[in-house]
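Values below: all heavy atoms of this structure, side chains included; hydrogens, waters and symmetry mates excluded.
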Protein chains: 2
Amino acid sequence: AGNVAAGQEKSAACQACHGAEGKASVSLYPHLAGQHADYLQHALQAYKKGERSGGQAEVMKAFVSGLSDEDMADLAAYYQSLKP
Amino acid sequence: AGNVAAGQEKSAACQACHGAEGKASVSLYPHLAGQHADYLQHALQAYKKGERSGGQAEVMKAFVSGLSDEDMADLAAYYQSLKP
């Protein structure tokens, strides 16, 4: 399982679109706060593997391309820990 | 914009995985309650267009294949209206 504190440290790049506390102010971007970590990890892996296209998928793919499995687990744990 | 009441009527098929109130009890499925309607509509359209693969994407594609734009807008409005 991911590490919440490590995830928070790695979340700087996520905040522009998904909000400082995982609440996206622009409605095209999903809220992440309180979402299941397992789902978030799956989604990050899907973007990295090119399993999502259209919309903001290319942006997400660029952001996650440098993330390790551990990075994604940490980020997922962090966002799950936030209050929705 | 979608119609919340109509969305609720159309949500029966969604509830098995995403919960009766948009809270998914299985962690591989995302919570939908309180999510931005614009994002939910985008995601439904992406599944329908085949822009998502892997994971449960084929299941979602099958579920959304018969949905109209209006159906998707209604479902998105309904899930946005639920308390996360």
Output for pair (B:Arg52 CZ, A:Tyr47 OH), nearest 0.5 Å, gives 5.0 Å
For the candidates B:Ser53, B:Ser27, B:Pro84, which exhibits the highest count of non-hydrogen atom pairs separated by less than 4.5 Å from chain A? B:Ser27
Among B:Lys83, B:Glu51, B:Gln41, B:Lys23, residue most engaged with chain A (heavy-atom pairs, under 4.5 Å): B:Glu51
If hydrophobic clusters are built by linking Ile, Leu, Val, Met, Phe, Trp and Tyr wherever their side-chain heavy atoms come under 4.5 Å apart, do B:Tyr29 and B:Met60 end up in the same one? no
Nearest-0.5 Å distance, NE2 of residue B:His31 to CD of residue A:Gln80: 7.5 Å
same_hphob_cluster(A:Phe63, A:Leu44) at 4.5 Å side-chain heavy-atom cutoff: no
Interface moiety of B:His42 toward chain A, non-hydrogen atoms closer than 4.5 Å: side chain
So what's closer than 4.5 Å to chain B heavy atoms on A:Ala33: side chain, backbone, both or neither? neither
Pick one of side chain, backbone, both or neither for B:Ala57, based on which atoms fall under 4.5 Å of a heavy atom in chain A. neither
Would you give the length of the straight line joining atom CD of A:Gln35 to atom CG of B:Leu32, rounded to the nearest 0.5 angstrom? 7.5 Å
Has B:Glu70 got more than 12 heavy atoms of other residues, nucleotides or ligands less than 6.0 Å from its CD? no
